[in-house]
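Taking it in order: structure first as structure tokens, then the write-up.
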Amino acid sequence: MASYSCDLLIVGGGGAGLRASIAAAEARPDLDVAVVSKVYPMRSHTVAAEGGAAAVIKSTDSLEAHAYDTVSGADWLCDQDVVEAFVDEAPREMVQLEHWGCPWSREPDGTVAVRPFGGMKVSRTWFAADKTGFHMLHSLFQTSLKYKSVKRYDEWFVSRLLVDDGRCAGVVAVEIATGEVHSILAKAVILCTGGCGKIFPFTTNANIKNGDGMALAYRAGAPLKDMEFVQYHPTGLPATGILITEATRAEGGWLVNKDGYRYLQDYALGTPEPKPVHRTMELGPRDRLSQAFIKEQERGRTLEGPYGHYVNLDIRHIGETVIDKKLPFVRELCLKYANLDPVHEVIPVRPVVHYIMGGVHTDIHGATPIAGLYAAGEAACVSLNGANRLGSNSLTECLVFGARAGRAAAEYVDGAPAPGAAVEAQASDEERRLRSLMDKTDGTERIADLRSEMQSTMEESAGIYRSGDSLAAGAETLGRLRQHARHLKLEDRSRTFNTEFISALELDYMLELAEIILRSGEQRTESRGAHQRTDFPARDDDNFLAHSLAYRNDDGSVRIEYSPVTITKWPPGARVYGKQ
Amino acid sequence: MSNPSLAPTRELKLYRRPISFWWWLDRPAYFKFVVRELTCLFVGAFAILTLLQVRAVGEGPEAYAAFAAMLASPAGIGFSVLAFLAAVYHTVTWFPAVQTTIVLRVGEQRVPGSVITGAHMAGWLVVSVVVAYIVLRG
Amino acid sequence: MAKRSLTPFLWFLFGGGGMVSAMLFPVHILLFGLAFPLGMLEAPGYEWLHALVVHPITRLYLFVFILLPLFHAAHRIRYTAYDLFRVQPSLHQPIAVVCYGAALAGTLAAGYTLLTIS
Amino acid sequence: MAETIRLEVSRYRPEVESEPTLQSYEVPYNKDWVILDALNYVKNQIDGSVTFRWSCRMGVCGSCGMMANGEPKLTCAVPLTDYDPTQPIRIEPLQFFPVVRDLVIDMSSFLEKLSNVKPWIIRDDVEATEAVEFRQTPVELDAYKQFSMCINCMICYSACPVIGLEPEFTGPAAIALAQRYNLDSRDKGKEERMDALDAHEGLWGCTFVGECTKVCPKNVDPAGAIQLYKMGSATDYLKSMLLPWGTK
Ligand SMILES: Cc1cc2nc3c(=O)[nH]c(=O)nc-3n(C[C@H](O)[C@H](O)[C@H](O)COP(=O)(O)OP(=O)(O)OC[C@H]3O[C@@H](n4cnc5c(N)ncnc54)[C@H](O)[C@@H]3O)c2cc1C
Ligand code: SF4
Ligand code: F3S
Ligand code: FES
């Protein structure tokens, strides 16, 4: 087992990880920074983001307004100091990215263009047509290439955090191409491993979004915060879950039921207007729109196809010119994956798992309770998104908090002591564990079967609406699945690029996270944002204006604690959409 | 200058498929490409032939008559047929290539490549007629 | 400007030659190689040809007509040797010298002929 | 039984064999599937050892390029219905790249080439000092936009014979990305990039086969980018020769 070392190790090469690496390299050019990623950085799922990234730039807008939209969108579960820091630093980060070459769409005078987005009172979402994440990721990746103090470990899979005496001292990782196990020692580690949508069957998330970093942190002793909040995006293609971006609605798209009726008007989202109106109807927040779909389905007003119930997204009236200019990718996706042309036809859509508000608990600098361990991006929960993230806040979050974590970790590195002997023992422990899994020949359970059973369990028990019973039942099934998962059957005996082995590790993480999502949901006996309990339909600020923190007990079970929400300017109020 | 990604820590036994000598028969496009490149043999030959023709003109009517006879021989005709086909093939593959080196805008819109190619084709026709007219005027 | 190779210049000649031959060669070959020898068109008389050739504009025309296509051919032959005949990299340089050298020789010959013709 | 189609998948297990072999799998001919779905069916239901890269399944991450019946394709973007179910589809790793395992190629050389052409904005004041964007009009954006759409899928590399013949050739995508920055009104690094590209392995190895553009799934037109690049460099060269005092 070879051992590598660096000063600062970043796990993940998506938007957050790359931004962190550049921030660290700029703050401290003398440090050895390393980025480990299980896929080449430009394959990270940030690449798939379509709609845009929010930041106040126009004179009609204000930081205050962005903050209020975020807080109310979050159903008050966010920390308001975090929100304020976020909206304040967002414009600078976005301009920085502009200076790094991101091809933002422009106004005729050459300033960046902005578009409306769900739950936002003012247009403030920067966009690069409808491939915003793609352009942001490639700009960041290409820019990161110029920092020679940043070293990359491409296609290395981190399987464990090394923690000694309450301090994080590095990771153990599998070099996927060779199957070798290595330790990479570091004085500080930043987890930027992204979300975990693959726990669910029907998701916009890529194959690589398995919540690895969350599971790593959790096992190392860090709490996971607000994991019961899973965002369903209201518009995914029924067969594949491919996302049809919110930008379709921002540009004027309508959601209609089987009668061609804009049904959102029945769900306290305002009255329909021909042109899009901020915070109204189709531009309401995602949680409300997805919930409205379920209600509409219960009333029997949705359509039914081979992949379940759906409604239609109609963008025909936007016209070919605007679609080709501002939504070309949507058209491409519809043509390729739904066999229809949105210029002439309506698009069938249904809610689809998209994003997790929860993640590794961090403070406003991205620091977790474990010294030397930081987190940023979707893997982290810095408490910006609360109970419901607003579309286009998370790309910006990757930048703002990626940069913050990068700088904070670079600063921390100086005082960090050298790793102790315990670290080496842990590393060889982990190597033994991995080797024995790799060499296992007596398994019986197929990875794919367990995975799909986990996924359907999650959809049934922790969907858009859940109840105490469904969550408990799900947890029970999961317990059984985790037993089965001890006897995985691995068919691939090669050490070289063994993706089956990697899938086995990912499944193990996902099963653990699935249980945490269910347990966190079970204990929150209220409805807030994306967490809707049929048995507790009201918001309960007296008891649950609080973050849930999931800890791992020594016996492997989950313990949920709560911590207060930080309120600065905006006391909890009603979320009003439609009329202002 | 820029940041490195780590080389594999153990040497991988990579498989490299050898490239066959006949690689240009693998895809029709490769074959067309090779043919296109080989048109240059005729282009070069015809340039030299023209040089010889000029020299013959300079040397007087007999020399030129001999040159013309050579062109009229079966070998001469054979060469001309091939050279003509090659030249036309060269022309029709050349204009689309040229189009990619030109960015023309009318207002905000970029002029489509097909229009530029079309303009070249039209130009070709005009130039050919002019050349023929001058030569035939005598 | 940092030091640059000669390649952009050679590429420019190649491109110019490609353009000249694309525009002019088909009609020249058609006339002199096919139409006249086969009697499809009546060939112009020697006097006319001579008068044409000695005209200064025609001399310039013919010089370009020969020079650029020669470099065009040289360039493509060079790359064909690389790609189609897969010559060893150690021979790349000598092949380039031979190809462009030949084109240069042809150009000099053309220049001499066109200057001295009367 | 429902209709099926056969996949002939190239397998290369470096521990046990010295060259690839084809292995056949029968999969459902599902009209909603792309080739990648069929491969995942194999991996999940028939043979867990079949190895390939994929991630987004929506044609944007660039991981899933493979040869299908000898043509380089983004397998998540090609429906099974493009193929006749009575004929097998031959799936092989992208050609001209060294093969690591089954359908996985070694593309590390591309990352090196990409770094070498300096694909980032070069100018003295890139670091944001105040929250003001550089102006760029829609027309200026349009000048390079197409070349910025590259997903690094390597499909063009496996269509370009020059890559096969001369692996050191910088290749279509990397040159297109260099040109993307050259054409960006915010960039001032054309000269610096030319240092890396004015070489046989750089720009000049390209003989305009043009296949790169034909196969590109994202309409990047790398062949056009390279041609423009050559044209730009040739005009600069002539300018500096004719007007030695006039070049900046
Ligand atoms: C289809 C889609 C559209 C979206 N559109 C928008 C939008 O318009 N606006 C918006 O604001 N947000 C959008 N989002 C959300 C946003 O894109 C993501 O939240 C954000 O990109 C996450 O970035 P990240 O850097 O945290 O993680 P990712 O980009 O997912 O990167 C994770 C990185 O971690 C690495 N990694 C993971 N596990 C390991 C491991 N075990 N070992 C080593 N490396 C590992 C991966 O290789 C990868 O590099 C969208 C999301 C999706 C799915
Ligand atoms: S240019 Fe096209 S084919 Fe080549 S890597 Fe980029 S996207 Fe793929
Ligand atoms: S296929 Fe190759 S030769 Fe040039 S035009 Fe494209 S890079
Ligand atoms: S899987 Fe991402 S491009 Fe095909």
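Remember, predicted model here, so these are calculated numbers, not experimental data. Proteins come first, then strands; the chains are lettered A, B, ... in the order of their sequence lines, and each starts at number 1.
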Practice item. Check whether any side-chain heavy atom of A/Phe329 sits under 4.5 Å from a side-chain heavy atom of D/Met149, and report yes or no. Key: no
Point to revise | Check: D/Ser148 and A/His135 side chains under 4.5 Å, non-hydrogen atoms | key: yes
Review point. Under 3.5 Å, is there a donor-acceptor pair linking the side chains of A/Thr499 and D/Lys43?
Key: yes
Practice item. Please look at D/Lys218 and chain A and tell me whether the side chain, the backbone, both or neither of the residue comes under 4.5 angstrom of a heavy atom of that chain. Key: side chain
Review point. Under the side-chain contact (heavy atoms from CB on, under 4.5 Å) criterion, do A/Trp104 and D/Leu141 qualify, and how do the steps go?
Key: CA-CA 8 Å; A/Trp104 298 114; D/Leu141 172 65; over 6 Å; no
Practice item. Write down the atom of D/Ser55, the atom of A/Ile208, and the distance for their closest heavy-atom approach. Key: OG-CG1, 3.4 Å
Check your understanding: For atom NZ of A/Lys58, is the number of surrounding heavy atoms from other residues, nucleotides or ligands below 6.0 Å larger than 12?
Key -> yes
Review point. What residue in A/Pro103, A/Ser503, A/Ala338 has the most heavy-atom pairs under 4.5 Å with chain D?
Key: A/Pro103
Review point. Out of A/Thr143, A/Thr111, A/Leu243, which one racks up the most heavy-atom pairs below 4.5 Å with chain D?
Key: A/Thr111
Review point. Using non-hydrogen atoms only, which part of D/Pro119 is less than 4.5 Å away from chain A: side chain, backbone, both, or neither?
Key: both
Check your understanding: With no hydrogens and no angle check, do the side chains of A/Tyr40 and D/Asn152 hold a donor and an acceptor under 3.5 Å apart?
Key -> no
**Study point:** From D/Asp102 atom CG to A/Asp492 atom CG, the distance as rounded to the nearest 0.5 Å
**Key:** 7.5 Å
**Study point:** D/Arg180 versus chain A, the contacting section by heavy-atom distance below 4.5 Å
**Key:** side chain
Practice item. Please look at D/Arg13 and chain A and tell me whether the side chain, the backbone, both or neither of the residue comes under 4.5 angstrom of a heavy atom of that chain. Key: neither
Revision key, fill the gap. Between A/Gln142 and D/Tyr181 the two heavy atoms that sit nearest each other are OE1-OH, 2.7 Å
Study note, to complete from the structure: Between the SG atom in D/Cys56 and the CG atom in A/Asn205, the distance rounded to the nearest 0.5 Å is 11.5 Å
**Study point:** Rounded distance (nearest 0.5 Å) linking atom SG of D/Cys61 with atom NE2 of A/His45
**Key:** 9.0 Å
Review point. Side chain, backbone, both or neither: which part of D/Val16 has a heavy atom under 4.5 Å from chain A?
Key: neither
Review point. Who among A/His138, A/Glu491, A/Met94, A/Arg43 has the most heavy-atom pairs with chain D under 4.5 Å?
Key: A/Arg43
Review point. What's the spacing between A/Lys146 NZ and D/Ser115 OG if we round to 0.5 Å?
Key: 13.0 Å
Exercise for review: Evaluate the side-chain proximity of A/Glu155 to D/Arg53: yes if any heavy-atom separation is below 4.5 Å, no if none is.
Suggested key: yes
Practice item. Go through D/Ile121 and A/His99 one step at a time and tell me if the side-chain contact (heavy atoms from CB on, under 4.5 Å) criterion holds. Key: CA-CA 8 Å; D/Ile121 295 280; A/His99 287 197; over 6 Å; no
Point to revise | A/Phe497, part contacting chain D, at a heavy-atom distance under 4.5 Å | key: both
Point to revise | Side chain / backbone / both / neither for A/Val39 at chain D, heavy atoms under 4.5 Å | key: neither
Exercise for review: Can you tell which part of A/Glu50 gets under 4.5 Å to a heavy atom of chain D, answering side chain, backbone, both or neither?
Suggested key: side chain
Review point. Hey, which of A/Glu107, A/Arg446, A/Lys489, A/Lys336 has the most heavy atom pairs under 4.5 Å with chain D?
Key: A/Arg446
Check your understanding: Who among D/Cys76, D/Ser185, D/Pro79 has the most heavy-atom pairs with chain A under 4.5 Å?
Key -> D/Cys76
**Study point:** Which atom of D/Lys145 lies closest to which atom of A/Ala128, heavy atoms considered
**Key:** NZ-C, 4.4 Å
Point to revise | Distance-minimising heavy-atom pair for A/Gly101 and D/Asp184 | key: O-OD2, 4.1 Å
Check your understanding: Are the charged groups of A/Arg106 and D/Glu140 less than 4.0 angstrom apart, N to O?
Key -> no
Revision key, fill the gap. Closest non-hydrogen contact found for A/Arg152 with D/Leu111 is NH2-CD2, 3.5 Å
Point to revise | Heavy-atom check, side chain of D/Asn219 versus side chain of A/Glu332, under 4.5 Å | key: no
Study note, to complete from the structure: Cut-off 4.5 Å, heavy atoms of chain A, and the answer for D/Cys150 is backbone
Point to revise | Option that, when pairs with chain A are counted at under 4.5 Å, heavy atom only, ranks first among D/Arg57, D/Arg123, D/Arg101 | key: D/Arg101
Revision key, fill the gap. Okay, D/Ile151 and chain A: the region with an atom under 4.5 Å from a heavy atom over there is both
Practice item. Starting at OG1 of A/Thr204, measure out to CE of D/Met58 and round the result to the nearest 0.5 Å. Key: 8.0 Å
**Study point:** D/Asn44 and A/Arg451, any side-chain heavy atoms less than 4.5 Å apart
**Key:** yes
Practice item. Check whether D/Asp47 gets within reach of chain A through its side chain, its backbone, both or neither, counting any heavy atom under 4.5 Å. Key: both
Review point. When heavy-atom pairs shorter than 4.5 Å are enumerated against chain D, which of A/Gly241, A/Gly110, A/Ser139 gives the highest number?
Key: A/Gly110
Point to revise | Shortest non-hydrogen contact between D/Thr137 and A/Pro108, atoms and distance | key: CG2-O, 4.0 Å
Practice item. Let me know if D/Val104 has heavy atoms under 4.5 Å from chain A in its side chain, its backbone, both or neither. Key: side chain
Practice item. Using a strict 4.0 Å threshold on nitrogen-to-oxygen distance, state whether D/Glu15 and A/Arg493 make a salt bridge. Key: no
Check your understanding: Can you tell me if D/Glu133 uses its side chain to pair, donor with acceptor, with the backbone of A/Val112 under 3.5 Å?
Key -> yes
Check your understanding: When only pairs under 4.5 Å are counted, which of A/Ala48, A/Ala448, A/Gly133, A/Ser494 shares the most heavy-atom pairs with chain D?
Key -> A/Ser494
Review point. If you round to the nearest 0.5 Å, how far is OG1 of D/Thr51 from CD1 of A/Ile502?
Key: 11.0 Å
